[in-house]
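Residue numbers begin at 1 in each chain, while the letters A, B, ... track the order of the sequences. Because the structure is predicted, anything quoted here is derived from the model rather than measured.
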Protein chains: 2
Amino acid sequence: MRPQFLYEKNLHGVANSVKRKQEQYRKIVRHLYYNGAASIAEIVKAVKISQPLVASLVDDLISYGMLLDKGVGESIGGRRPNLFCLNSEYQYVIGVDINLHTLNLAVFDLSNKQIFREETKYFDLENSEEYLNSLIEKIETMISQLGMPREKYLAVGISLPGLVDAKQGLSHTHLSVAEEGLAHFLSDRLSMNVLLDNDARTMALGEKAFGKAIDKENVLCLNLSNGIGLGMILNGNLHSGKNGFAGEFGHILIDPEGKLCDCGKIGCLETLTSGKILVKNIREAVDKGQPTLLAKYKKENKKIDLRAVVEAILQGDQFAIDQLNQMCEYLGKGLVTLIHLLNPEMVIIGGKIAHAGKFVIDPVTMSMNKYAMSRISSETELVCSDLLDDSALMGTMANVMRSVLSLD
Amino acid sequence: MRPQFLYEKNLHGVANSVKRKQEQYRKIVRHLYYNGAASIAEIVKAVKISQPLVASLVDDLISYGMLLDKGVGESIGGRRPNLFCLNSEYQYVIGVDINLHTLNLAVFDLSNKQIFREETKYFDLENSEEYLNSLIEKIETMISQLGMPREKYLAVGISLPGLVDAKQGLSHTHLSVAEEGLAHFLSDRLSMNVLLDNDARTMALGEKAFGKAIDKENVLCLNLSNGIGLGMILNGNLHSGKNGFAGEFGHILIDPEGKLCDCGKIGCLETLTSGKILVKNIREAVDKGQPTLLAKYKKENKKIDLRAVVEAILQGDQFAIDQLNQMCEYLGKGLVTLIHLLNPEMVIIGGKIAHAGKFVIDPVTMSMNKYAMSRISSETELVCSDLLDDSALMGTMANVMRSVLSLD
DNA sequence: AATACTTTTAAAAAAAATTATAAAAGAATT
DNA sequence: AATTCTTTTATAATTTTTTTTAAAAGTATT
């Protein structure tokens, strides 16, 4: 019998006993994926199945090639255990991180190692058949480069900006051309399972699985790049809301007397604090002759972008730091609302601006102290992501594995 | 063997086989509690245990007196099924709804019927040993009135305002005198299991179990009385946050140029929209001679309270309605933030102000339409609670049963 | 180095749970 | 009214899983 469970969840018309066995396999594989190599005894404790049964299930999985016997491990005061681990080469996951102007592709093995990685610049996201075709071509090229048969790929995980309905596999904002829904479209064309989610939520999954949110139950992940995205881990699970629209943090009201936002409302957080605004303000000031390290871009006739700004900040550019500080004051205000509502244990800042490290953390912390009820906010840790630009891509892997290994 | 599972969850030093059996019992009881009488065949489908085993477990439960055989039911095209249901008199739950000025007590049977109900007015909440003593006395009097032995009571569920850490059983705001924590203190004194939660969250549990949130997964419940409370059902579960502080909706920033709030911050939602403010504004206007039905209170030298205001609104008092409308504009603004962040399928308004029905719903809806991104808000239904003043009390019952019948 | 104690694993025995089968009881159809 | 078809329930047979027991392979101590 082939272990189907990594492919299809609700096997229809299959005997109950088979389903039960697949669930047992899944528990074991799940434990080994999330906790690494383990002895039979350890697995027994973790999955709550008896030792003789676990032993026989592990034997099965080894015979399918899914698990490997790593030989004896360290003793903790008795007979040395035999350790077992996932065969990291049993299958692979394709990760696709779609950004407004770039595309990141990766192939992960089951130990989460990237065995392939490619960044394509100037791959501008647009809602067209052509974009989708070139995306598929990119993926197909990668597959043929790697030379492995299609069955070796467990699924394709995709991260993209905008409103995404993960349950239905729809992209509302950027790739709505695919009529059957983006996930189905790509699944048909690639002949693979496809899993979508919004970039901020994928980042949150990445942080929960591989970043600073490991072992935390209530964590907010901010994606601070040109816009502001929010991914929420609540009670240990990703929160998506009814339609997958949760996390529209950029459009909460901060200043009723403020500016008009793209969304039609006035005083949205995004009109006050976002990479876009930061860059815009700095460009305008540079045009007016503001002294700053960034002035050289004007001389060289190059455009100032967010990356340049962050670089200047890290070099200590006073003006850029001032601008960022101002932005962080507003961001802190917005965060306080989140913290009051959700009482998270940690807030992780990711996205391009996270590269500024303490230059973001410090002013945001100050702002939070000013605006928050201290009893609540003092329970919340504010940190920068250490996955940084990789978090969304890592998140696609986490999303696929979560989906495949989820129980019930 | 006595079915211990309704009392103790993590039975220590008990054989695995016993634990498993208790879990099976719990599944069956759970199904019957949440879905009412059922046949063996129905239970089999719901709990995914084989028919012979379910039959024998049901036999056991009947012999313990926990289940009743209701005799044959309606056929759906074959042999008539034997129906089984919970013995609603097997045990009882005590519900305690603590408010700032009143105390509601109830005893529920396992069919959620209130077999006892008592409302005590002028029972002012204060952080003192005396308050706790008179609370305990109230409960003890009720118990002796009902004349049932203490073992007949499954647990005491308590709802109270302010910051509550449900996991630890602590009341931070109002009843912190009990040093071991409120739950432990009461549990010792009453010799019963005690379960605490904040009033807004208890209301949310009530709505989820018995009100309009049944079968909904993402629902926000607003407790609009003198303050503003928020209880959130997210992904089907109550969200409490790291320390149980989640839901501080009253202290999110709405107007940076606004008034000072009790919490020390400026422009909190509660400074603009709360029963307290509404009453205060109306009192001031009446003192200045504003024509309104409520003016009679002044003549009669009685104080205008929230109940009176709502009554006037329902009688069509133009001034009171205007005042409420104004408040609802702000409330809508705040709600939009919630909806953008959490994408709920329903928002339920409860508390004293919910008695105003469409007089709250309509202006809040208008405000939401004005301030929200329609794609998101159009997915959210706004309704008034139909449990109204009972929702917190019903919520204590829901909380106890949820805790007792939760799986794993 | 010998002995006592641990932990891990394997195998046998026992128990638990499921599947398969049959019987009972009623509904629908001829 | 008799027959056929459903659904429910009881029983028997089989399978699955666990518990128990024992052996294997270590560590720690004397």
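- Between B:Lys19 atom NZ and D:dT18 atom P there is a gap of 14 Å when expressed in whole angstrom units.
- Checking D:dA10, C:dT18, C:dT9 against every side-chain atom of B:Gln51, the shortest atom distance belongs to D:dA10.
- In this structure, A:Lys21 places its NZ atom 6 Å from P of D:dT16, rounding to the nearest Å.
- Enclosure of atom CD in B:Glu89 is not indicated, since only 12 or fewer non-hydrogen atoms of other residues, nucleotides or ligands lie within 6.0 angstrom.
- For A:Ser50, the side-chain atoms get nearest to D:dT17 when compared with the rest of D:dT7, C:dT8, D:dT17.
- Nucleic acid contact for A:Ala55: none, since no nucleic acid atom lies under 4.0 Å from a heavy atom of the residue.
- Among the protein residues, B:Glu42 comes within range of no part of the nucleic acid, since none of its heavy atoms lies under 4.0 Å from any strand.
- Summary of the strand contacts: A:Ser39 and A:Ser17 both lie near DNA chain C, and taking for each the nucleotide with the nearest heavy atom, the more 5' one is attributed to A:Ser39.
- For B:Arg80, whose side chain is taken as the heavy atoms from C-beta onward, the closest listed nucleotide among D:dT17, C:dA17, C:dG26 is C:dG26.
- If you check C:dT18, D:dT9, D:dT18 against the side chain of B:Pro81, the one that comes closest is D:dT9.
- To the nearest angstrom, P of C:dA15 lies 17 Å from CG of B:Leu53.
- Contact check on B:Lys242 versus A:Glu379 returns a salt bridge, with a Lys/Arg side-chain nitrogen under 4.0 Å from an Asp/Glu carboxylate oxygen.
- Side-chain atoms of B:Ile40 lie closest to D:dT9 of the nucleotides C:dT9, C:dT18, D:dT9.
- Atom NZ of A:Lys48 is separated from atom P of D:dT17 by 18 Å (rounded to the nearest Å).
- Environment of NE2 in A:His31: crowded, with over 12 heavy atoms of neighbouring residues, nucleotides or ligands closer than 6.0 Å.
- Under 3.5 Å, the side chain of A:Arg79 and the base of C:dT8 form at least one donor-acceptor pair of N or O atoms.
- A side-chain donor from one of B:Tyr33 and B:Asn112 sits under 3.5 Å from a side-chain acceptor of the other.
- Atom NZ of A:Lys45 is separated from atom P of C:dT8 by 6 Å (rounded to the nearest Å).
- Between A:Leu83 and B:Ile49, the residue anchored closer to the 5' end of DNA chain C is A:Leu83, taking for each the nucleotide with the nearest heavy atom.
- Note: CD1 (A:Ile43) to P (C:dT9) measures 9 Å, nearest angstrom.
- Between B:Tyr25 and B:Tyr64, the angle of the ring planes goes over 60°, which puts this pair in the perpendicular group of the 30/60° scheme.
- For A:Arg20, no side-chain nitrogen or oxygen approaches OP1 or OP2 of C:dA17 to under 4.0 Å.
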